[in-house]
S.K.: 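The structure under discussion is supplied below as structure tokens; questions concerning it will follow.
As a basis for the values below, the full set of heavy atoms in this structure was taken, side chains included, without hydrogen atoms, waters or symmetry mates.
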Amino acid sequence: MALGEPATGLASPAPGTLVLCGMGAATFRAQAVASAVNHLQVEPSAAAGVPRLSGQGSDANITIAIAAKGTGAVRLQTRGQTAFEVNATGTPANHLRVDGVAAAGMPRLMAQGSDTNISVQIAPKGTGFIDAAGPLRLPAYTVATLPSATTFARCMIYVSDGTANKRLAISDGTSWRWPDGAVVS
């Protein structure tokens with residue numbers, strides 16, 4: 001099947017394949033899957049609206065995957081420039097997940113994956129720094145429930161029942177210490 005010229009139209013070069021061509025090259029390819037029940041739907045919009053790409057089909061919940069080829073990245077652009085890029089430094093076993101929540105909840109950025117313990121790194125470039133737009137809330141513990149200082153070397157916590165109104169503690173890799181250097185007790 002062909003609609004238009006073979007190099008500048010719509011063609012079906014093989015069963016279950018639909019290709020849109022322009023200037024002698026494929027610009028879009030749709031591939032059928034046997035027994036498919038879900039698909040992508042593109043919806044245009046009126047002026048000042050937002051065009052939409054959505055998962056549709058018979059399943060109640062449909063995840064959409066956008067995949068780059070090989071070691072390529074996935075980029076979201078605005079104003080003609082990259083605003084967000086997703087890349088992997090190897091075959092990903094761990095990843096980040098963002099959850100939106102209902103009113104009065106806190107949106108979450110979470111580490112996910114096959115490893116049991118996954119840290120998250122925020123890395124500025126050059127002499128850049130990490131700037132919080134609000135106060136940082138530390139995890140709260142009591143002196144009796146302190147986590148392992150060895151596991152959390154160079155980390156900070158809030159100790160709700162610290163002596164002499166001491167509250168901030170830092171792990172030196174062996175012990176939790178108050179800012180004055182004394183061991184938390």
S.K.: Is it true that, when you exclude Gln77 itself, more than 12 heavy atoms of the residues, nucleotides or ligands shown sit nearer than 6.0 Å to its CD?
M.R.: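 More than 12 heavy atoms, drawn from other residues, nucleotides or ligands, come within 6.0 Å of this atom.
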S.K.: Going by side chain to side chain contact (heavy atoms under 4.5 Å, CB included), name the residues that satisfy it together with Thr174, two or more places apart in sequence or in a different chain.
M.R.: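 So Thr174 forms a side chain to side chain contact (heavy atoms under 4.5 Å, CB included) with Asp172.
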S.K.: Judged by atom type as modelled, is there a donor-acceptor pair below 3.5 Å linking the side chain of Asn94 to the main-chain atoms of Ile118?
M.R.: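 Looks like no, no N/O pair under 3.5 Å.
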S.K.: Examine Phe28 and Val19 and state if one hydrophobic cluster contains both, with Ile, Leu, Val, Met, Phe, Trp and Tyr joined whenever side-chain heavy atoms are less than 4.5 Å apart.
M.R.: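 No, no single cluster joins them.
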S.K.: Who are the side chain to side chain contact (heavy atoms under 4.5 Å, CB included) partners of Ile130, not counting sequence neighbours?
M.R.: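 Expected list: Ile122, Pro124.
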S.K.: Can you see which heavy atom on Trp178 is nearest to which on Gly162, and at what distance?
M.R.: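 Result for this residue pair: CH2-CA, 3.5 Å.
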S.K.: Which pairs pass salt bridge (Lys or Arg N to Asp or Glu O under 4.0 Å) with one or both residues in residues 118-141, sequence neighbours excluded?
M.R.: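 Salt bridge (Lys or Arg N to Asp or Glu O under 4.0 Å) check on residues 118-141 returns no pairs.
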S.K.: For residues 159-171, which residue pairs qualify under side chain to side chain donor-acceptor pair (under 3.5 Å), counting only residues two or more places apart or in two chains?
M.R.: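 Counting only pairs at least two positions apart or across chains, the side chain to side chain donor-acceptor pair (under 3.5 Å) contacts touching residues 159-171 are Lys166-Asp180.
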S.K.: Looking at Ala68 and Ala73, what are the two nearest heavy atoms and their distance?
M.R.: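 Minimum heavy-atom separation between Ala68 and Ala73: CB-O, 3.6 Å.
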S.K.: Counting only N and O atoms by type, is there a donor-acceptor contact under 3.5 Å from the side chain of Ser175 to the main-chain atoms of Arg177?
M.R.: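 The answer is no, because no donor-acceptor pair under 3.5 Å joins these two groups.
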S.K.: If the condition is salt bridge (charged side-chain N to carboxylate O under 4.0 Å, His left out), which residues does Arg75 pass it with, not counting sequence neighbours?
M.R.: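 So Arg75 forms a salt bridge (charged side-chain N to carboxylate O under 4.0 Å, His left out) with Glu85.
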S.K.: Heavy-atom distance under 4.5 Å between the side chains of Pro44 and Pro51, does that happen here?
M.R.: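 Counting from C-beta outward, Pro44 and Pro51 never come under 4.5 Å.
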S.K.: Residues sharing Val98's hydrophobic cluster, by side-chain heavy-atom contacts under 4.5 Å among ILVMFWY, directly or via others?
M.R.: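 Noted: Val98 shares its cluster with Leu96, Leu109, Val120.
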S.K.: Please enumerate all residues that pass salt bridge (charged side-chain N to carboxylate O under 4.0 Å, His left out) together with Arg52, with sequence neighbours excluded.
M.R.: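 So Arg52 forms a salt bridge (charged side-chain N to carboxylate O under 4.0 Å, His left out) with Glu43.
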S.K.: For Leu146, what residues pass the side chain to side chain contact (heavy atoms under 4.5 Å, CB included) criterion, not counting sequence neighbours?
M.R.: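 Counting only residues at least two positions away or on another chain, Leu146 forms a side chain to side chain contact (heavy atoms under 4.5 Å, CB included) with Tyr141, Ile157, Val159, Trp176, Val184.
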S.K.: Any link between Met106 and Met110 through a network of hydrophobic side chains (Ile, Leu, Val, Met, Phe, Trp, Tyr) touching at under 4.5 Å?
M.R.: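 Looking at the clustering, Met110 is in a separate group from Met106.
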S.K.: Between the side chain of Ser12 and the main-chain N/O of Ala14, is any donor-acceptor distance below 3.5 Å?
M.R.: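 Confirmed, Ser12 side chain pairs with Ala14 backbone.
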S.K.: Other than Ile170, what residues sit in its cluster of Ile, Leu, Val, Met, Phe, Trp and Tyr side chains whose heavy atoms are under 4.5 Å apart, directly or through others?
M.R.: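 Members other than Ile170 - counting any ILVMFWY side chain reachable under 4.5 Å - are Leu138, Met156, Tyr158, Leu168.
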S.K.: Applying salt bridge (charged side-chain N to carboxylate O under 4.0 Å, His left out), name anything that partners Arg108, two or more places apart in sequence or on another chain.
M.R.: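 So Arg108 forms a salt bridge (charged side-chain N to carboxylate O under 4.0 Å, His left out) with Asp99.
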S.K.: Taking only residues two or more places apart in sequence, or in another chain, which ones meet Pro92 in a side chain to side chain contact (heavy atoms under 4.5 Å, CB included)?
M.R.: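 If we apply the side chain to side chain contact (heavy atoms under 4.5 Å, CB included) test to Pro92, skipping adjacent residues, the hits are Ala88.
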S.K.: Calculate, to the nearest 0.5 Å, the distance between atoms CG and CD1 belonging to Leu53 and Ile64 respectively.
M.R.: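 Result: 5.5 Å between the selected atoms.
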S.K.: Can you measure from CG (Asp115) to CG (Asn117) and round to the nearest 0.5 angstrom?
M.R.: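 Nearest 0.5 Å value for the CG-CG distance: 8.0 Å.
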S.K.: Start with the C-alpha gap between Leu40 and Ser54, add the side-chain angles, then the distance that decides, and say whether side chain to side chain contact (heavy atoms under 4.5 Å, CB included) holds.
M.R.: CA-CA 6 Å; Leu40 289 175; Ser54 62; over 6 Å; no
S.K.: Which pairs pass side chain to side chain donor-acceptor pair (under 3.5 Å) with one or both residues in residues 25-40, sequence neighbours excluded?
M.R.: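 Checked against side chain to side chain donor-acceptor pair (under 3.5 Å) - neighbours excluded - the pairs reaching residues 25-40 are Thr17-Gln31, Asn38-Asp59.
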